[in-house]
Each structure stands twice: as C-alpha cells, then as structure tokens.
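One structure below.
Chain naming here is simple, since letters A, B, ... match the order of the sequence lines and numbering starts at 1 in each. None of the values given here were measured: they were computed from a predicted structure.
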Amino acid sequence: MARSMRTCLHSGRLALLAILVSGGIVLQILACALYNNWWPMLTVLMYLILPMPLIFFLGSNSPSMMSNDGDTWVSFTKFLTGASIVGSIAIPSILKHAGVIGWGALTMELSSFLVFGVAILWLIQMNSEDEYSSAF
Amino acid sequence: MDTTSFPAVWAVVGPGVAGAVFGVGWWFWVDAVVCSAAAVPFLHYLPGLFASFAALMFNCVKREDANYNYYSPYDDSEWRLKLWLFVSYVVSFVSLAGAVGFLVQDALTDTGPSAWTGVAGVLQSVFVLISGLMYWTCHSED
C-alpha cells in the first residue's frame, strides 16, 4: 500500500508540474493573441537561452547549483542563469516602456515567467531528492 | 546548504545575483536605445563596453592570490597582480567618468539623445561594475 501510494503521489506531482508548464505556455500565447501583437514572442528566445548554461556546463551535476562546493564552471553557470532571468523580465518591460504592448500583455508575460520559474524550481527540487531520502 | 552564516549563503547565491545585476545593467541600456527618439551614436556605447571589460579584468585575478599570505616562487610577482587590479580600476573609473560626461551632455543639449539615455548609461556602468565586484567577492576557488 505504501509503495503504490508513493507512486500515486509522484504521478500526481508530475501531473501538477505539467499543468504548471502548460499554464505558462497558455499565458504566453494569450499575451500575444488577445491583442494580436506578437512582439512579446521575443521572450521565448530568452526562455530558450535560460536552460542552456545548466545543460552545457553542469550536465548531471545540477545539485551543485544549490550548494557552494562547485568550481568555476558552476559559478559561471549561476552568473549566466541570473543574467538570463533578468532578460526574461526586461524584454516585456522594455516593450511596455516603448509603448509597443499594454499593461495587460505585460502582466500576462510576467505571470507566465513566474509560473515557469515555479515549475523549474519545483522540477529541480523533485530531481534532487531520490528514493532513499524520501519521507516515506 | 549551510544557511547559518552569511558567507556560505553568499557563496551559493552570489554568482546568480551578480549575473542578474549584470543583466539589469545591460537591459537598462537596451531600453534607452530602443526608446530613444534620436539615434544613439556608437560613442555612447563605449562606457558600457569598457565597464564590462573592466569587470572581466578584475575577475581574472583570484581573490586568494591578491593577499599577502600568497606564496610564490618568484617572490616579487605580487606587484603584477596589484598592477593588473590597478589597471582594471583605471578602466572602470574611465568608463564611469565617460558615462557621467555623456549624461551631462545629453541633459544640457536639446539635440541628440534625451536625458534618459545618459541616465541609463550611468546606471549601466554602475550595475555592471557592481556585478563584477559581487562575482569577485563571492566566487572563490580552493
């Protein structure tokens, strides 16, 4: 019973994670389609750039993102990740400042980024715990 | 993660915060260039580029090598590190001075870029140099 319960909870968490990512994508598409203004799609470029340092430099060493036992490559990965996060916030803000998009699209863009951020952090946290450190 | 002392937490999150501050600086400049009615000449890009170069320069020196406990077979090699740090300080100072000069020029003249371009240039140089200092203080290799 405990094993099937744990598997059921794990599948539930995976399903909720998929719902979060889908919600982020829906918000991104809505920010463009509702106003028929596709400039906010530039943020998708920054979403593509965001996981690249993690994939290229860390690989399977992703737990070292949350600890300080990494080397120079881990610090550089953190630097690039921080810069990419700011880019995801800066692109909608600059488009709003230039008058290309309105407040509604800006709010949906930032909400989409927030939802994606929560999903990514939750995925990292789920990947970092293994079977033996589980609470069950 | 050791959360009981600030240096340990800073060593974990410091590189990310430095990257974020670096991104903030450069995106301020992108905002100024995009929203500017007049074309921004290339000369106005130089303070930001020099600030980024200065941040790269003093991050080439490891923090542990620059103190007096550093042992070297060439016993006079310490002055080379300090000379390099001094040159990077000069480059950062020149970039800040250039940014402030362009701010004054943009604010006083009616032609050319607006005052926001000058303000964004100063903010860019300041944020880029702050990110370099953050990365230098939190990134230690041993």
Side-chain angles (χ1 to χ4, degrees), chain A residues 39-40 42-43 45-47 49-54 56-58 61-101 106 109-110 113-114 117 120-121 124-125 128-129 133, chain B residues 1-37 40 52 55-56 59-65 114 116-117 119-120 123-124 127-128 130-142:
Chain A
W39 277 105
L42 285 176
T43 314
L45 301 179
M46 202 55 65
Y47 290 156
I49 287 176
L50 185 50
M52 279 181 181
L54 282 162
F56 291 163
F57 299 139
L58 294 190
N61 199 17
S62 57
S64 64
M65 277 291 284
M66 289 302 166
S67 66
N68 59 350
D69 58 1
D71 56 349
T72 305
W73 285 113
V74 176
S75 294
F76 193 54
T77 302
K78 292 175 181 176
F79 186 90
L80 291 182
T81 304
S84 305
I85 287 170
V86 166
S88 302
I89 301 173
I91 287 181
S93 305
I94 289 176
L95 288 174
K96 171 67 186 69
H97 188 216
V100 177
I101 63 175
L106 173 67
E109 282 290 319
L110 296 182
F113 174 71
L114 191 63
I120 288 173
L121 287 181
I124 290 176
Q125 191 261 334
S128 65
E129 63 180 37
S133 69
Chain B
M1 186 171 78
D2 185 13
T3 58
T4 57
S5 62
F6 178 75
V9 174
W10 181 241
V12 174
V13 303
V17 175
V21 173
F22 186 85
V24 165
W26 269 100
W27 282 111
F28 264 123
W29 183 247
V30 171
D31 178 85
V33 171
V34 165
C35 297
S36 173
V40 182
S52 305
L56 183 64
N59 273 295
C60 293
V61 171
K62 284 197 288 184
R63 191 158 46 106
E64 291 82 15
D65 294 350
S114 65
W116 165 239
T117 307
V119 171
L123 285 178
Q124 179 198 24
F127 279 128
V128 164
I130 285 177
S131 76
L133 285 178
M134 281 181 175
Y135 195 78
W136 197 65
T137 54
C138 65
H139 161 246
S140 63
E141 186 176 359
D142 46 21

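With sequence neighbours left out, the side-chain hydrogen bond (donor to acceptor under 3.5 Å, both in side chains) criterion links B:Gln124 to no other residue.
Contacts classified as side-chain hydrogen bond (donor to acceptor under 3.5 Å, both in side chains) and involving residues 13-35 of chain B (residues at least two apart or in different chains) are given here: A:His97-B:Asp31, B:Trp26-B:Ser52, B:Asp31-B:Trp116.
In terms of heavy atoms, B:Tyr135 sits closest to A:Phe76 at OH-N, 3.3 Å. The shortest non-hydrogen separation linking A:Ala98 to B:Val34 is CB-CG1, 4.0 Å.
Heavy-atom pairs under 4.5 Å with chain B peak, among A:Val100, A:Ile85, A:Ile94, at A:Ile94.
Heavy atoms of B:Val30 lying under 4.5 Å from chain A belong to its backbone as well as its side chain.
In the displayed structure, B:Trp10 atom CH2 is contacted under 6.0 Å by more than 12 heavy atoms of other residues, nucleotides or ligands.
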